[in-house]
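Notes to accompany the following structure.
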Amino acid sequence: MSDELSETLEALGREGPAGNRPKRMAMVCWSSDLDRVWPVLILATTAAASGLEVNVFFTFWGLRVLQKNDKRVTGQNWMQIGESLMDRGGTDHLRLGKMHMGGMGTAMIKKLAKQYKVASPSDLLEMAKDLGVKLYPCQMTMELYGLTKDDFIDGLEPSMGAASFIEMACESDITLFI
Amino acid sequence: MSDELSETLEALGREGPAGNRPKRMAMVCWSSDLDRVWPVLILATTAAASGLEVNVFFTFWGLRVLQKNDKRVTGQNWMQIGESLMDRGGTDHLRLGKMHMGGMGTAMIKKLAKQYKVASPSDLLEMAKDLGVKLYPCQMTMELYGLTKDDFIDGLEPSMGAASFIEMACESDITLFI
Amino acid sequence: MSDELSETLEALGREGPAGNRPKRMAMVCWSSDLDRVWPVLILATTAAASGLEVNVFFTFWGLRVLQKNDKRVTGQNWMQIGESLMDRGGTDHLRLGKMHMGGMGTAMIKKLAKQYKVASPSDLLEMAKDLGVKLYPCQMTMELYGLTKDDFIDGLEPSMGAASFIEMACESDITLFI
């Protein structure tokens with residue numbers, strides 16, 4: 001390849017032209033509602049299975065998704081502890097954002113999902129890790145909630161901030177806020 | 001064009017450089033709330049009118065948007081039937097996700113929209129089809145809800161799964177989850 | 001550079017290859033919920049501080065974010081006035097979309113944010129303007145709400161419609177609907 005051509009290609013992006021690297025998806029998982037976490041995890045695992053590099057940034061309510069299922073109380077002060085009691089973390093405890101109906105709606109949709117062989121959020125999270133999806137806890141939200149590395153499931157990437165997410169999103173073909 | 005140049009261009013992406021094809025938008029319509037469906041349909045029709053290729057994937061609550069307005073009850077088992085009764089489908093029956101206030105808020109905003117000549121979701125959906133916007137029902141959600149092709153309005157694309165959406169989104173200039 | 005190469009580069013996009021211009025982000029701020037406005041403003045300021053060109057389109061409920069904090073009543077007719085009373089605008093008056101709990105939850109998270117030095121939405125909005133983030137009110141929503149330029153804070157871009165947003169989003173590396 002001529003020098004001129006190489007320079008041209010280099011000019012097309014920091015990492016070379018999109019055609020020379022795998023496609024990428026960057027998602028923000030902002031919510032801990034079952035009906036939002038489900039699409040996050042379905043899209044993440046599907047994309048990874050299709051060969052994409054997938055980065056998911058768990059922030060605000062969404063950070064609770066990464067919490068261990070058996071961690072009931074988290075936080076360092078009364079406000080953080082109070083919040084943790086009302087917003088239970090872990091993929092086994094997610095509730096529908098709409099039509100939860102005191103648990104009935106959530107139980108019903110979980111039952112339907114099982115019947116139609118849609119994987120549960122807990123299974124999808126494991127699959128995501130197996131498929132190489134990168135899961136990043138938001139550093140700022142960890143501080144707000146008083147959460148530490150010990151409160152989270154294994155296999156996560158180091159926590160990061162919004163600037164790192166922006167950098168990843170800049171080099172991604174698909175960017176979604178869910 | 002020299003061979004080297006052709007190869008360079010080919011390397012830039014499966015479908016050639018973005019400059020050689022129309023711009024594209026891929027959206028997930030996840031919600032059936034009036035205040036979310038409205039932006040989906042406004043952005044879809046506006047983009048199509050501006051010359052973009054537009055693909056919209058209707059999934060989770062959003063699948064109900066494609067339901068015929070006169071289909072009151074859908075589903076094959078009691079859970080699906082129950083869900084259909086509480087979450088009425090069709091663009092004529094959407095409710096605000098916030099400030100619905102027993103119907104008063106929703107009625108008010110519809111009245112304001114009419115007064116200021118903002119097209120209704122039902123009109124926008126027709127316009128979208130006329131403008132060539134492609135509307136895809138989510139196969140998995142159809143199974144969950146027990147919905148069949150007969151429950152939907154005419155003029156839709158065949159149902160598809162998340163993998164097909166990911167593929168479309170990869171080749172799109174705008175990707176949004178609404 | 002040879003003519004052929006220049007033409008090739010030109011063919012890659014209306015504005016030349018992405019590598020020759022700063023990265024860009026286009027966001028829709030659709031909500032006036034504190035827990036959604038916060039990510040909008042954190043992502044906008046962080047991206048601008050990282051050198052990106054950032055455009056934010058404030059539409060539907062999100063338009064209220066740009067309202068002056070001391071404007072209590074807005075609108076030209078009783079429906080618009082009524083809506084303004086129930087959905088108070090201005091960054092000082094945002095409420096959590098979840099766990100607001102009559103104000104207690106919102107007050108608590110604001111207190112935590114202060115303790116952990118997370119900037120308030122009002123401070124972030126000022127920072128955004130200082131960093132050159134472009135803030136666009138949605139023309140259609142202004143009409144629906146009966147809002148005028150006088151109801152908004154200073155330093156905004158002229159109001160625009162969905163078509164202008166689509167055009168900006170087409171040339172952006174990150175597109176998000178929040």
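In what follows, chains are A, B, ... by sequence order, proteins preceding strands, each numbered from 1. Keep in mind it's a predicted model, so treat the numbers as computed, not measured.
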Side-chain contact test, heavy atoms from C-beta onward, threshold under 4.5 Å: evaluate it for [X] versus [Y] and give yes or no.
X: A:Gln115; Y: B:Asn77; answer: yes
X: B:Phe165; Y: A:Leu43; answer: yes
X: B:Phe60; Y: A:Arg36; answer: no
X: A:Ile174; Y: B:Phe177; answer: no

Applying side-chain contact (heavy atoms from CB on, under 4.5 Å), run through B:Leu176 and A:Leu176 and close with a yes or a no. CA-CA 6 Å; B:Leu176 299 173; A:Leu176 299 173; 5.6 Å; no
Honestly, the part of A:Met27 sitting under 4.5 Å from a heavy atom of chain B is neither
Under a 4.5 Å heavy-atom cut-off, does chain B meet the side chain of A:Met99, its backbone, both or neither? side chain
Which pair of non-hydrogen atoms, one from B:Ala162 and one from A:Ile42, has the smallest distance, and what is that distance? CB-CG2, 4.0 Å
Hey, what do you get for [atom1] ([X]) to [atom2] ([Y]), rounding to the nearest 0.5 Å?
X: B:Cys170; Y: A:Arg24; atom1: SG; atom2: CZ; answer: 11.5 Å
X: A:Asp35; Y: B:Thr59; atom1: CG; atom2: OG1; answer: 11.0 Å
X: B:Met140; Y: A:Lys117; atom1: CE; atom2: NZ; answer: 14.5 Å
X: A:Leu112; Y: B:Thr141; atom1: CG; atom2: OG1; answer: 11.5 Å

Do we see a donor-acceptor contact under 3.5 Å between the side chains of B:Ser32 and A:Lys98? yes
Worked check of salt bridge (Lys or Arg N to Asp or Glu O under 4.0 Å) between A:Lys23 and B:Glu171: CA-CA 9 Å; A:Lys23 296 275 179 181; B:Glu171 307 297 333; 3.6 Å; yes
Between the main-chain N or O of A:Pro39 and the side-chain N or O of B:Trp30, is there a donor-acceptor pair closer than 3.5 Å? no
Using modelled atom types only, decide if a donor and an acceptor are shared between the side chain of A:Ser50 and the backbone of B:Ala163 within a distance under 3.5 Å. no
Between B:Met142 and A:Tyr116, is the side-chain contact (heavy atoms from CB on, under 4.5 Å) condition met? List the steps. CA-CA 10 Å; B:Met142 282 178 69; A:Tyr116 290 94; over 6 Å; no
Atom NZ of B:Lys134 with >12 non-hydrogen neighbours under 6.0 angstrom: no
Above 12 or not: heavy atoms from other molecules or residues under 6.0 Å from CZ of B:Arg95? no
Is it the side chain or the backbone of B:Ser172 that comes within 4.5 Å of chain A heavy atoms, both, or neither? backbone
